[in-house]
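For reference, the structure discussed in these notes is given below.
The residues of the chain are indexed from 1 along the displayed sequence.
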Amino acid sequence: MARAIQLARRGRYTTHPNPRVGCVLVRDGQIIGEGFHRKAGEPHAEPLAIQAAGGDARDATAYVTLEPCCHHGRTPPCTEALIQAGVSRVVAAMQDPNPRVAGKGLAALEQAGIRVASGCQEAQAEALNPGFIKRMRTGRPYVRCKLAMSLDGRTAMADGESRWITGPAARTDVHRLRARSDAIVTGLGTVIADDPSLNVRLEAGQLWDAGDRDAVPQPLRVVLDPRLEMPPDAGMTCLPGDTLVVCCEQQAKRRQVLEKAGVEVIELSGEDNRVSLKALLGHLGQRQINEVLIESGPTLAGEAVREGLVDELVIYAAPHIMGDGARGLLHLPGLRRMEDRIGLEIRDLRMVGRDIRLTLKPEV
């Protein structure tokens with residue numbers, strides 16, 4: 001199963017909106033075939049492993065990181081492939097949270113006389129697909145919020161200057177975060193101040209091992225723009241990939257200008273003439289977006305944290321001090337007492353070049 005999980009990771013940039021899945025076939029203690037799902041519409045992990053094993057698949061055990069699918073989508077059901085191959089046992093790391101499967105795949109295998117088991121390395125398998133799992137269970141994507149700061153918690157000088165807080169290695173790491181994300185969310189203020197590209201600027205070799213290379217994916221760029229004030233010539237509108245502007249007011253002329261520039265515009269009104277973040281996440285879930293990355297200023301990031309919409313914080317801390325006159329990390333008004341603090345659980349801490357990367361989860 002550990003090998004199957006390792007294989008599944010090779011699809012981490014390309015399987016959207018499908019889950020990342022790996023499969024290993026074992027017979028007489030030897031691996032006889034393996035495969036992983038590379039891209040939606042292409043074969044799933046199980047038939048690829050069966051193809052690699054050939055006739056040896058009969059009476060083998062299949063170790064798969066997610067319960068085999070039992071419905072017709074862009075590809076045939078994996079349960080049928082396993083049954084036809086004659087495997088004798090299937091071990092799934094976890095049950096598929098997709099209501100179309102959710103135990104039905106394992107039941108179909110059992111009905112065909114195949115022994116089944118699930119729960120082997122379940123936590124590691126869930127870590128492969130946080131976005132797919134959350135979307136299937138709640139209808140909303142998994143949300144990461146990326147922040148970069150000095151050691152004293154500052155993100156920009158008082159005049160807004162912020163390039164570059166972190167070093168080259170950390171910035172490359174952020175592009176990998178973008179590559180695994182289906183959408184990047186920012187605010188109009190960031191667009192006006194920085195004219196960001198919000199794209200993945202890596203070569204294929206920086207994402208994949210030899211033999212796994214594909215076109216570098218570009219996430220959907222999402223700009224929160226309540227009054228449709230985004231410049232139609234913003235840099236991101238000229239780049240590969242799609243841009244979505246989310247507003248609160250229907251400004252017909254401004255909308256037409258943006259749409260002429262190739263931008264999609266939708267309206268999701270919230271309170272106080274602000275875009276509703278909950279409605280936005282619901283909309284992105286309907287678009288089969290699994291993982292969202294928030295890259296914004298302290299106001300939008302703080303609002304997402306305050307509303308409990310952030311599943312994971314990724315904070316890069318650079319080894320310098322910017323002083324108390326510089327801008328802070330998150331805008332969180334109302335935190336006046338120690339009991340108002342927002343608790344965080346450190347899940348990972350490591351060096352990335354000269355900087356520190358902290359991965360944290362808000363405490364429930």
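The side-chain heavy atoms of Tyr316 and Lys146, taken from C-beta on, include a pair separated by under 4.5 Å. Considering only heavy atoms from C-beta on, Leu147 comes within 4.5 Å of Leu330 through its side chain. Two residues are said to be in side-chain contact when any heavy atoms from C-beta on lie closer than 4.5 Å; Asp355 and Pro319 meet this criterion. For the pair Pro219/Val200, a side-chain contact is recorded, criterion being any heavy-atom separation below 4.5 Å from C-beta on. Annotation: side chain of Leu220 is not in contact with side chain of Asp182 (no heavy-atom distance under 4.5 Å). Looking at Arg38 and Leu48, their side chains never come closer than 4.5 Å, going by heavy atoms from C-beta outward. Side-chain contact check for Ile192 versus Pro231: some heavy-atom pair is nearer than 4.5 Å. Looking at Leu329 and Ile315, their side chains come closer than 4.5 Å, going by heavy atoms from C-beta outward.
Criterion: ILVMFWY side-chain heavy atoms under 4.5 Å apart, direct or through other members. Under it, Met94 and Leu106 are part of a common hydrophobic cluster. At a threshold of 4.5 Å between side-chain heavy atoms, the hydrophobic network of Ile, Leu, Val, Met, Phe, Trp and Tyr places Val292 and Val222 in one connected group. Connection of Val116 to Tyr63 is not established within any shared hydrophobic cluster, with ILVMFWY side chains joined at heavy-atom distances below 4.5 Å, either directly or through further cluster members. In the hydrophobic clustering of ILVMFWY residues, with side-chain heavy atoms under 4.5 Å counting as a link, Ile184 and Leu284 come out apart. Cluster annotation: Val305 is connected to Leu335 through the hydrophobic network of ILVMFWY side chains, with a link wherever side-chain heavy atoms come within less than 4.5 Å.
Gln30 CD: 12 or fewer foreign heavy atoms inside a 6.0 Å radius. The number of heavy atoms from other shown groups lying within 6.0 Å of CD (Gln51) does not exceed 12. Within a 6.0 Å radius of CZ in Arg58, other residues, nucleotides and ligands contribute 12 heavy atoms or fewer. Few gaps surround CG on Asp194; more than 12 heavy atoms of other groups in view lie less than 6.0 Å from it. A 6.0 Å sphere centred on CG of Asp324 holds no more than 12 heavy atoms belonging to other residues, nucleotides or ligands. With a 6.0 Å radius and a threshold of 12 heavy atoms from other residues, nucleotides or ligands, Lys278 has its NZ atom at or below the threshold.
Judged by distance alone, the side chain of Thr186 and the main-chain N or O of Glu295 form a donor-acceptor pair under 3.5 Å. In this structure, the side chain of Asp96 engages the main chain of Asn98 through a donor-acceptor pair within 3.5 Å. Under a 3.5 Å cut-off, the side chain of Arg27 and the backbone N or O of Asp59 do not form any donor-acceptor pair. Between the side chain of Lys104 and the backbone N or O of Pro99, at least one donor-acceptor pair lies under 3.5 Å. Checking side-chain atoms of Ser197 against main-chain N and O of Asn199 turns up no donor-acceptor pair under 3.5 Å. Side-chain atoms of Arg3 do not come within 3.5 Å of backbone N or O of Val24 as any donor-acceptor pair. The main-chain N or O of Arg227 is found under 3.5 Å from a side-chain atom of Arg254 such that the two form a donor-acceptor pair. With Thr79 contributing its side chain and Gly105 its backbone, the two residues share no donor-acceptor pair below 3.5 Å. Although no hydrogens or angles enter the test, the distance criterion places no donor-acceptor pair under 3.5 Å between the side chain of Glu264 and the main chain of Asp242. Here the side chain of Arg10 pairs no donor or acceptor atom with the backbone of Leu7 at under 3.5 angstrom.
For the atom pair CG of Leu66 and CD of Glu126, the computed distance is 10.0 Å after rounding to the nearest 0.5 Å. The distance from the CZ atom of Arg154 to the CD1 atom of Ile321 is 11.5 Å, given to the nearest 0.5 Å. Once rounded to the nearest 0.5 Å, the distance linking CZ of Arg337 with CG of Asp340 reads 5.0 Å. Expressed to the nearest 0.5 Å, how far OG1 of Thr15 lies from CZ of Phe36 amounts to 10.5 Å. Atom CG of Leu360 sits about 13.0 Å away from atom CG of Asp311, to the nearest 0.5 Å. Atoms CG and CD, on Asn273 and Glu271 in that order, are 11.0 Å from each other to the nearest 0.5 Å.
A donor atom on one side chain and an acceptor atom on the other are found under 3.5 Å apart for His283 and Arg287. A donor-acceptor contact under 3.5 angstrom links the side chains of Arg221 and Thr243, judged on distance only.
With Val185 as reference, Leu300 is the one residue of Leu281, Leu300, Leu293 to meet the side chain to side chain contact (heavy atoms under 4.5 Å, CB included) rule. Screening Arg135, Arg20, Arg178 for a salt bridge (charged side-chain N to carboxylate O under 4.0 Å, His left out) with Glu291, the sole residue that qualifies is Arg20. No option in Thr190, Leu277, Leu244 other than Leu277 meets the side chain to side chain contact (heavy atoms under 4.5 Å, CB included) test with Leu224.
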Q: Tell me, with the steps shown, if Leu344 and Lys361 meet side-chain contact (heavy atoms from CB on, under 4.5 Å).
A: CA-CA 6 Å; Leu344 301 172; Lys361 279 188 169 293; over 6 Å; no
Check your understanding: Can you list the steps and then say if Asp225 with Val191 is a side-chain contact (heavy atoms from CB on, under 4.5 Å)?
Key -> CA-CA 10 Å; Asp225 180 7; Val191 174; over 6 Å; no
Test side-chain contact (heavy atoms from CB on, under 4.5 Å) on Val21 and His44; report intermediate values, then the result. CA-CA 8 Å; Val21 181; His44 289 188; over 6 Å; no
Pair Ile165-His320, side-chain contact (heavy atoms from CB on, under 4.5 Å): steps then yes or no: CA-CA 9 Å; Ile165 289 178; His320 53 241; 3.9 Å; yes
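Here the closest non-hydrogen pair linking Val143 and Leu309 is CB-O, 3.3 Å. Residues Thr155 and Ala148 share a closest heavy-atom pair of CG2-O, 3.4 Å. Closest approach of Val91 to Met1, counting heavy atoms only: O-CE, 3.5 Å. Leu228 approaches Gln251 most closely through the heavy-atom pair CD1-O, 3.8 Å. Across all non-hydrogen atoms, the minimal contact from Pro141 to Ile289 is CB-O, 3.2 Å. When all heavy atoms of Asp159 and Arg327 are compared, the pair lying nearest together is C-NH2, 3.8 Å.
We find that Glu312 and Arg144 are joined by a salt bridge, their nearest charged nitrogen and carboxylate oxygen being less than 4.0 Å apart. A salt bridge is defined here as a Lys NZ or Arg NE, NH1 or NH2 lying under 4.0 Å from an Asp or Glu carboxylate O, and Arg274 with Glu307 fails to meet this definition.
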